[in-house]
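All values reported here derive from a predicted model rather than from experimental measurement. A note on names: the letters A, B, ... follow the listed sequences, proteins ahead of strands, and every chain is numbered from 1. FYI, side chains are in, hydrogens and waters are out, and symmetry mates aren't considered; it's all heavy atoms of this structure.
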Amino acid sequence: MDGVIYTPEQLKREVEYFLKQDAFVFDVESMDGVIPGTRGIPTQNQIVWLSLSTYGRNIIIPMGHPNGNNLLRKGFRKKNPETKKMDWNPAVYDAPPKQMRPSEVFAILEPLFFSDLIKGAHNAPFDVISIAKYLGGRIIPGPIFCTLTMQWIKDENIGQFSGGPRRPVKKDLKTLTSWYYGVKYDHNEVGKCIELHPFKDVARYALLDSAYTWLLLRKFRRSIPEEALQAIWELEQAVTPVVCRMGLVGAPVDVQAIRELDVYLTDLLVGIETRVYQAAGKQFNIGSWQQKQDILYKPKTEGGQGLKPTRLNKSGKLKKQKGIPLSIRDYSTDKDALDDFVGNPLVDVLLEYSEIDKLRSTYVRAYLGVEGDSDKPCLIFNGRIHTDLVQYGTVTGRFSSRAPNLQNIPNPESELGSKVRGLFRAPEGYRLLVADYAQMELRILASMIGYGGLYDGFMAGIDAHTQTAVLVYNKQEEFAKDPDYMKHPENMWMRSAAKTLNFAIVYGAGAAKVAATIGISVEEAQQLLDNHKVAFPEVYEFRDKIMALARSRRKSPYIRTILGRKRRVWEVLRNVAEIEAPKLPWYEPQKHQAAVRSVISRGERQVFNSLVQGSLGDIIKLAMVRMDKVLSEDAVKNPGREIQMILSVHDELVLLCPEDRVAEGSAMLLEAMIGKEIQDLIKVPLDIGKIAVVQRWSQAKE
DNA sequence: CAATAGAGCGCT
DNA sequence: AAAGCGCTCTATTG
C-alpha cells in the first residue's frame, strides 16, 4: 500500500520532507501493553501504528502489527470461565510483513517531534503521552494543536442538549469527518481493536485518521480567528502540553493503604449488610433503589416498613408536573429522602451502608481493579494513578477528569472521606503542596462589577461570606466594633447562611433551595434573598446587564469569560422565532421550548454562572501554564529533584515537591497562581491563603 | 448478550 | 426553577 513505511531509509527521507513544513499531524494506533486492559491507557499501551500527515503527504508506519492480509481462521466467541463473560477468540491471519521496531522508528522521528513545528492530533494528550514512552519519557514540546480542543473552542455545546444551529452529536474524529466531509471510513470499528483486523485494513484506517485530522487542523486554524477566539485558543494551545505532562506524571498513592482500606470497608459492609436484612426482615439487593422503595414504602402487610414518602425522584417530579398519577417507583430513596425517617432502624442502617459502599466501589475497588477482568484493570502503575484531565470536558471552560475522576475525591471532613483522600500521599522524602483560590468566583464577580458591597469588602480584606453576613443581617455596627464578630461561635450561623446565599447568587438558586440548604423555612429564605438584593443591588443590576448583552447577540446569544472564551446559550431568548430549531436525531425540537419560563430561567442561570465559573476556568488554566513553564525551567537546574504538578481541581492545584524544596515550591506556586499577570486580570486582591505542605492530601484542609 | 437509562452520589 | 462534572449500580431494552 502506498505510503506504508517499512525501512529506516524511507522514514528518514520522510522526516526531511516533514521538517520543511510548518505543521503536521500524527495519530497512534495502540494495543494492550504488558498489562491486559491497558490499550486505552496512554502511559501503558503499546503503539503498533503511527500515521503522519502534512501538506501533500500521508505516511503510515507499522511497528508490530501481528496480522498479515489473509484470514486463516475466523474469530469466535467463547465463555471465559473465570469472569463468566464472553471473550473473543481472535481471528488468525497469515504472517505480517517485516516491520520496524518502535525504538528504530522513534529514534528517527525524534527530530521531528522535538522540532518547533506545530504538532497536531485529535485528542492530542492520548497520542502525546502514548509516544512519550518511546521518547525517553519526555512530553514533546509545543506547539501541540489538539483538533478536538479546537472544535470545542468553536462550539462548546457539541454533545449537549442545546439550542442553536445543527451540530455534530459528538466531537470524536469519526463524527467530525462524517459531519464536515461526508466521509465514513470505519465500517468495521477497526480502531477499537486493531489486532483483530488484517494489515491492509489497519493501514488504510490509520492513514485516514491522520489525513482527516490534518484537514481539521487546517480548517480550524483558519476559522478560529474569525470568531475572535484566537486569544483563548492560544491559552488552550499552551495548556495541552501541561495536561500531557500531568497525565504522564500521575498522582502518587499509598498502595498498601488502598488494599487495607478495601479490606476494612468490606468487613464493615458485611456487618452492616446483616443488620440491614435483620431490620428489613428479609434479604434483598441493597444497591437497588427499586427494591428499597418496596421495602421502605410498602405497607407492613406487604412486607414493607409502611413509611410515607414525600420526596419524588426526577421522573416523579416530571409526572407530578404533568398531572400523571404517581406510583411507588416515583418516590426517591436518596439521602435527603431517607433523612426524613432517621430513627427508623432500617433507614439508619441503610444510610450507613450507602456511604461506605459508595466510597468502596468508586475510590477503592475501581483503583485496584478486578484480577483477570480486562474491563477493570488496576489503575495504579508504579504507585501512581494517572487521570485523564480533559481540557475540553465542560461547556464553561473548566477541566473535567476521568478514568479515574480525581476531581471528586471525598472531603476529609468525615472520617471515611479523610481515609480516602489520604490515600493520595507524597512518597518518602516528598511533600504535597496544596493551594486553592479563596472565594475566587465571588472575587471575579466583584471585579467584573467593579464596585459595591462585595468589591468594597474584598478591597478591605474582608472575606465575602462575612461581608454578606454583615450586610444581610444588618450587623454593621457590631462588625465595626469587632472585626471577628462573625467568627464568634454564636454568630457563625450567620456566616454559614451567608455562604449559602453567596452560592445561591452564583448558581441562581431560589428561596426553596436556599431554605432546604440552610434548614429554614421558605419564607425566611425569601427574606434573606430580599435582604441580599437590598444590600447588593449592583449584583442584580450587573446580572441584568449581562443578560441584555447576551440577548443582544440575537442569532447566537453568548457571553465571554475574562479571557474571551464564548459560552452560547440560545435558551435565554424570549422570542422563539429567534431560535433556529435544532434537528438532531436525539433532540425533538419543541416549537415553544424557549418561550417556557423555566427554560429561559435556566438559560439565564447558565449564562450568569458561566461568566464566573468559566473565568475561573480560564484563570486556573493560565496559572497552570505559568506553573509548568517555571517547573520546566527549574527541572533543568535541579535534575533528580524536580517539582511536579500533579492535580488540578477547579480552583486548586497540587504539587509534588522534594521535602527540602518546599519553600521554593511554595513560592513558585504562589507566583504562578496570583502573580502579576493573574492579579492584573482581577481588580480585587487575590488570595490563596496559606499553601498547605502535607504528606497526605487529606491534611490540606486541616 | 450488550447497550442504555435512571437513580444516586462524590467533588468544586 | 442550583452551575459544572464522572462513576457505579440496577433494571430495562433491543
Peer 1: Determine the contact category for A/Val395: base if any of its heavy atoms lies under 4.0 Å from a base atom, sugar-phosphate if only primed atoms, P, OP1 or OP2 are that close, otherwise nothing.
Peer 2: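 Contact class for A/Val395: sugar-phosphate only.
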Peer 1: Any idea which of C/dG4, B/dG8, C/dA11 is nearest the A/Gln290 side chain?
Peer 2: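 For the A/Gln290 side chain, the nearest candidate turns out to be C/dA11.
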Peer 1: What I want to find out is whether A/Lys701 reaches A/Glu413 closely enough, with some N-O distance under 4.0 Å, to be called a salt bridge.
Peer 2: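 Result for this pair is no, no salt bridge flagged.
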Peer 1: Please check if any side-chain donor atom of A/Arg329 sits under 3.5 Å from a side-chain acceptor atom of A/Gln293, or the reverse.
Peer 2: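 Result is yes, a qualifying pair exists.
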Peer 1: When you match A/Trp289 and A/Phe399 each to their closest nucleotide on DNA chain C, which lands nearer the 5' end?
Peer 2: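 Of the two residues, A/Phe399 wins.
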Peer 1: So, A/Gln613 versus A/Thr396: side-chain donor-acceptor pair below 3.5 Å or not?
Peer 2: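 A donor-acceptor contact under 3.5 Å links the two side chains.
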Peer 1: How is A/Arg329 classified with respect to the nucleic acid when contacts are heavy atoms under 4.0 Å: base, sugar-phosphate, or nothing?
Peer 2: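 No contact at all - A/Arg329 keeps every heavy atom at 4.0 Å or more from the nucleic acid.
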Peer 1: Which part of the nucleic acid, if any, lies within contact of A/Val506, taking any heavy atom under 4.0 Å across all strands shown: a base, the sugar-phosphate backbone alone, or nothing?
Peer 2: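 No contact.
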Peer 1: Base, sugar-phosphate or nothing for A/Gly287? Non-hydrogen atoms, less than 4.0 Å.
Peer 2: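 Sugar-phosphate: the residue A/Gly287, judged by heavy atoms under 4.0 Å, touches backbone atoms but no base.
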Peer 1: For A/Tyr507 and C/dC5, what is the distance between atoms OH and P respectively, to the nearest whole Å?
Peer 2: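 My rounded result for the distance is 12 Å.
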Peer 1: Applying a 4.0 Å non-hydrogen cut-off, can you work out what A/Ala366 is touching in the nucleic acid: base, sugar-phosphate, or nothing?
Peer 2: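 Touches sugar-phosphate only.
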Peer 1: Contact class for A/Asp357 vs. all strands (heavy atom < 4.0 Å): base, sugar-phosphate, or nothing?
Peer 2: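 Answer is nothing: A/Asp357 stays at 4.0 Å or more from every strand.
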Peer 1: Answer yes or no: does a side-chain N or O of A/Asn285 lie under 4.0 Å from OP1 or OP2 of C/dT10?
Peer 2: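 True: A/Asn285 side-chain N/O within range (under 4.0 Å) of C/dT10 OP1/OP2.
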Peer 1: Tell me what A/Gln613 touches on the nucleic acid: a base, only sugar-phosphate, or nothing, going by heavy atoms under 4.0 Å.
Peer 2: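 The residue A/Gln613 makes base contact.
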Peer 1: Would you mind reading off the distance between A/Leu647 atom CG and B/dT12 atom C1', rounded to a whole angstrom?
Peer 2: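 So the two atoms are 14 Å apart, to the nearest Å.
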Peer 1: Looking only at atom types and distance, does a side-chain atom of A/Glu524 sit under 3.5 Å from a main-chain N or O of A/Ala515, one as donor and one as acceptor?
Peer 2: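 No.
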Peer 1: Regarding A/Gln291, tell me which of base, sugar-phosphate or nothing describes its non-hydrogen contacts under 4.0 Å with the strands shown.
Peer 2: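 Sugar-phosphate only.
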Peer 1: Tell me if the side-chain of A/Arg365 makes a donor-acceptor pair with the base of C/dT8, cut-off 3.5 Å, by modelled atom types.
Peer 2: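 It does not, because no donor-acceptor pair links the side chain of A/Arg365 to the base of C/dT8 below 3.5 Å.
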Peer 1: What's the CG-C1' distance between A/Asp375 and B/dC1, to the nearest Å?
Peer 2: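 Spelled out: CG on A/Asp375 to C1' on B/dC1 is 14 Å.
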Peer 1: So which nucleotide from C/dA3, C/dT8, C/dC5 ends up closest to the side chain of A/Ser361?
Peer 2: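 Within the option list, the nearest is C/dT8.
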Peer 1: When you measure only distances, ignoring hydrogens and angles, does the side chain of A/Asp334 come within 3.5 Å of the base of B/dG8 through a donor and an acceptor?
Peer 2: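 No such pair is found, so the answer is no.
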Peer 1: Is the closest side-chain donor-acceptor distance between A/Thr500 and A/Thr517 under 3.5 Å?
Peer 2: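 Note: A/Thr500 and A/Thr517 side chains miss the donor-acceptor criterion.
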Peer 1: Of the nucleotides B/dA7, B/dG8, B/dT12, which one has an atom closest to the side chain of A/Thr333?
Peer 2: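 Out of B/dA7, B/dG8, B/dT12, the nucleotide with an atom closest to A/Thr333's side chain is B/dG8.
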Peer 1: Using a heavy-atom cut-off of under 4.0 Å over every strand shown, decide if A/Asp436 touches base, sugar-phosphate, or nothing.
Peer 2: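 A/Asp436: no heavy atom of the nucleic acid under 4.0 Å.
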Peer 1: Which part of the nucleic acid, if any, lies within reach of A/Arg398 when heavy atoms closer than 4.0 Å are counted: base, sugar-phosphate only, or nothing?
Peer 2: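 It contacts base atoms.
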Peer 1: Starting at NZ of A/Lys320 and ending at P of C/dA1, how long is that distance when rounded to a whole Å?
Peer 2: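 So the two atoms are 10 Å apart, to the nearest Å.
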Peer 1: Measuring from the side chain of A/Asn408 (C-beta onward, heavy atoms only), which nucleotide among C/dC7, B/dG8, B/dG10 has the closest atom?
Peer 2: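 From the listed options, B/dG10 comes nearest.
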Peer 1: Categorize A/Arg421 for me: base, sugar-phosphate, or nothing, with a 4.0 angstrom heavy-atom threshold over every strand shown.
Peer 2: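 Result for A/Arg421 = sugar-phosphate.
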Peer 1: Can you tell me if the side-chain N/O atoms of A/Gln391 get under 4.0 Å from OP1 or OP2 in C/dC5?
Peer 2: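 It does not, given that no N or O in the side chain of A/Gln391 lies less than 4.0 Å from OP1 or OP2 of C/dC5.
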Peer 1: Scan A/Ser610 against the nucleic acid and name what it touches under 4.0 Å (heavy atoms): base, sugar-phosphate only, or nothing.
Peer 2: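 No contact.
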Peer 1: Can you tell which of C/dA1, B/dG8, C/dG4 lies closest to the side chain of A/Gln606?
Peer 2: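 Per side-chain heavy atoms of A/Gln606, the pick is C/dG4.
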Peer 1: Students often get this wrong, so: under 4.0 angstrom with heavy atoms, is A/Thr517 touching a base, only sugar-phosphate, or nothing?
Peer 2: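 Since a base atom lies under 4.0 Å of A/Thr517, the category is base.
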Peer 1: Taking the minimum atom-to-atom distance to the side chain of A/Thr394, which one of B/dG6, C/dC7, C/dC5 wins?
Peer 2: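 Minimum distance to the A/Thr394 side chain belongs to C/dC5.
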Peer 1: Between A/Trp152 and A/Tyr392, does the ring centre distance come in under 6.0 Å?
Peer 2: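 No, ring centres 6.0 Å or more apart.
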Peer 1: Across the strands shown, which category fits A/Ala504 at heavy-atom distances under 4.0 angstrom: base, sugar-phosphate, nothing?
Peer 2: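 It contacts nothing in the nucleic acid.
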Peer 1: Considering only side-chain heavy atoms of A/Ser400, which listed nucleotide, C/dC5, B/dG6, C/dT8, is closest?
Peer 2: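 Nucleotide nearest to A/Ser400's side chain: C/dC5.
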Peer 1: What's the closest nucleotide to the side chain of A/Leu359 if the choices are B/dT12, B/dG10, C/dT10?
Peer 2: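 The listed nucleotide nearest to A/Leu359's side chain is B/dG10.
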Peer 1: Report the distance from atom OH of A/Tyr331 to atom P of B/dG6, rounded to the nearest whole Å.
Peer 2: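 Rounding to the nearest Å, OH of A/Tyr331 and P of B/dG6 are 19 Å apart.
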Peer 1: Side chains of A/Arg567 and A/Thr561: is there a donor and an acceptor less than 3.5 Å apart?
Peer 2: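 Not at all, the side chains of A/Arg567 and A/Thr561 share no donor-acceptor pair under 3.5 Å.
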